[in-house]
Amino acid sequence: MIKMLAERARALAAGGGRVVIGIAGIPGSGKSTAATALVRRLGAYGTPAAYLPMDGFHLSASTLAAQGLADRKGASDTFDVDGYVALVRQVRSGLGMAQWAPDYDRESHDVVPARMLIHPDARVVITEGNYLALPEGPWAAVRPLLAELWGIEASWEGARERLIERRVATGRTLDEAVAWVDRVDAANAALVAPTIDLVDVVVAFDEMHPESV
């Protein structure tokens, strides 16, 4: 499946210039794994590509605390949506220019500015995030900037297990991880799941799993 999507991305970029392709899905659906696999595969095909994660636009921990949003971190209104949209717009027209993007560090649980390089010769930029297919509100500004938007269809049961494992691996106790996933991530998944029907291409999680790459 990664091979098929990489070939589709190459076709989209064949007309010259740079294209930005989005990947949407519920939390724990494997978006970042798919995005990084696509960047590697495109590079192996001789099409330079770069990765732009939406998670780099989490509001900082200090900002979330100041606004009383720390207990909802990851919800659709806890991101710098305008900043993300602005950078996607700049990246789309930035072929030939080195551009830097923020990243999210899962160990410090905070944003790291200017950690991701969008290389000047990247013909394809893969961006991913939960909310790229939301049709209303500030996130709706993302879709018009994308050459295509792809969605990963994943069951909540499987995603829940992966999210709990991820949170335990980054320092939470099992009870803390379960409580957070069942309260915050579950609500975010319920918002995102219906939007996967709105994308250009839907791929099942099993097809995007690393074992199938």
Side-chain angles (χ1 to χ4, degrees), residues 1-42 47-58 74-77 79-95 99 101 104 116 118 122-156 159 188-209 212-213:
M1 182 54 67
I2 290 292
K3 179 179 179 181
M4 183 275 286
L5 292 175
E7 291 172 347
R8 188 178 182 99
R10 293 183 74 202
L12 290 169
R18 171 182 283 170
V19 297
V20 181
I21 297 170
I23 301 176
I26 66 173
S29 60
K31 300 179 296 297
S32 59
T33 299
T36 53
L38 276 165
V39 168
R40 289 195 302 270
R41 182 62 65 95
L42 285 164
T47 301
Y51 174 41
L52 173 59
M54 187 200 82
D55 274 356
F57 291 85
H58 275 282
S76 63
D77 59 346
F79 289 83
D80 175 13
V81 186
D82 291 341
Y84 174 70
V85 169
L87 185 58
V88 172
R89 183 177 290 113
Q90 293 168 14
V91 163
R92 188 177 68 160
S93 61
L95 186 63
Q99 295 165 302
Y104 185 77
M116 306 289 291
I118 310 298
R123 295 290 307 284
V124 176
V125 176
I126 306 293
T127 188
E128 51 82 17
N130 297 337
Y131 305 114
L132 305 192
L134 287 184
E136 299 174 349
W139 288 105
V142 177
R143 184 70 179 271
L145 302 176
L146 305 177
E148 284 192 348
L149 179 58
W150 305 338
I152 300 178
E153 192 172 55
S155 72
W156 170 243
N188 297 338
L191 174 65
V192 171
T195 71
I196 303 306
D197 291 335
L198 306 177
V199 304
D200 299 298
V201 178
V202 178
V203 182
F205 169 81
D206 290 345
E207 296 177 296
M208 299 296 281
H209 191 275
S212 69
V213 172

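The shown structure was predicted, so the numbers you read here are calculated from the model rather than taken from an experiment.
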Indicate the atoms forming the closest heavy-atom contact of [X] with [Y], along with that distance.
X	Y	answer
I2	A34	CD1-O, 4.0 Å
A49	V39	O-CG1, 3.7 Å
A101	L87	CB-CD2, 3.6 Å
T195	P135	CG2-CD, 4.3 Å
A133	V199	CB-CG1, 4.1 Å
S29	I152	O-CG2, 3.3 Å

Rounded to the nearest 0.5 Å, what separates atom [atom1] in [X] from atom [atom2] in [Y]?
X	Y	atom1	atom2	value
F57	D55	CZ	CG	10.5 Å
Y104	H58	OH	NE2	5.5 Å
T33	F205	OG1	CZ	7.5 Å
D206	S155	CG	OG	8.5 Å

Are T47 and R10 close enough that a side-chain donor and a side-chain acceptor fall under 3.5 Å?
yes
For the residue pair Y131 and W139, does the interplanar ring angle fall in the parallel (under 30°), tilted (30 to 60°) or perpendicular (over 60°) class?
tilted
Between D200 and R8, does any side-chain N to carboxylate O distance fall below 4.0 Å?
no
Any sub-3.5 Å donor-acceptor pair from [X]'s side-chain atoms to [Y]'s backbone N or O?
X	Y	result
K31	P53	no
R143	L149	no
N130	N188	no
R123	G17	yes

Residues in ring pair (Phe, Tyr, Trp, His ring centres under 6.0 Å) with Y51, at least two apart?
none
Can you check side-chain contact (heavy atoms from CB on, under 4.5 Å) on V203 and L5, steps first, answer last?
CA-CA 10 Å; V203 182; L5 292 175; 4.2 Å; yes
Heavy-atom check, side chain of [X] versus side chain of [Y], under 4.5 Å:
X	Y	value
L38	V124	no
I23	T127	no
L191	S76	yes
L132	W150	no
L52	I118	yes
K3	R41	yes

Quick one: list whatever passes salt bridge (Lys or Arg N to Asp or Glu O under 4.0 Å) with D77, sequence neighbours left out.
R72
Worked check of side-chain contact (heavy atoms from CB on, under 4.5 Å) between Q99 and Q90:
CA-CA 9 Å; Q99 295 165 302; Q90 293 168 14; 3.8 Å; yes
After noting the C-alpha distance and the side-chain angles of E128 and M54, does the key distance pass the side-chain contact (heavy atoms from CB on, under 4.5 Å) rule?
CA-CA 6 Å; E128 51 82 17; M54 187 200 82; 5.7 Å; no
Results of side-chain hydrogen bond (donor to acceptor under 3.5 Å, both in side chains) for E153 - residues two or more places apart only
none
Would you check, one step at a time, whether the test side-chain contact (heavy atoms from CB on, under 4.5 Å) holds for V88 with V142?
CA-CA 8 Å; V88 172; V142 177; 5.5 Å; no
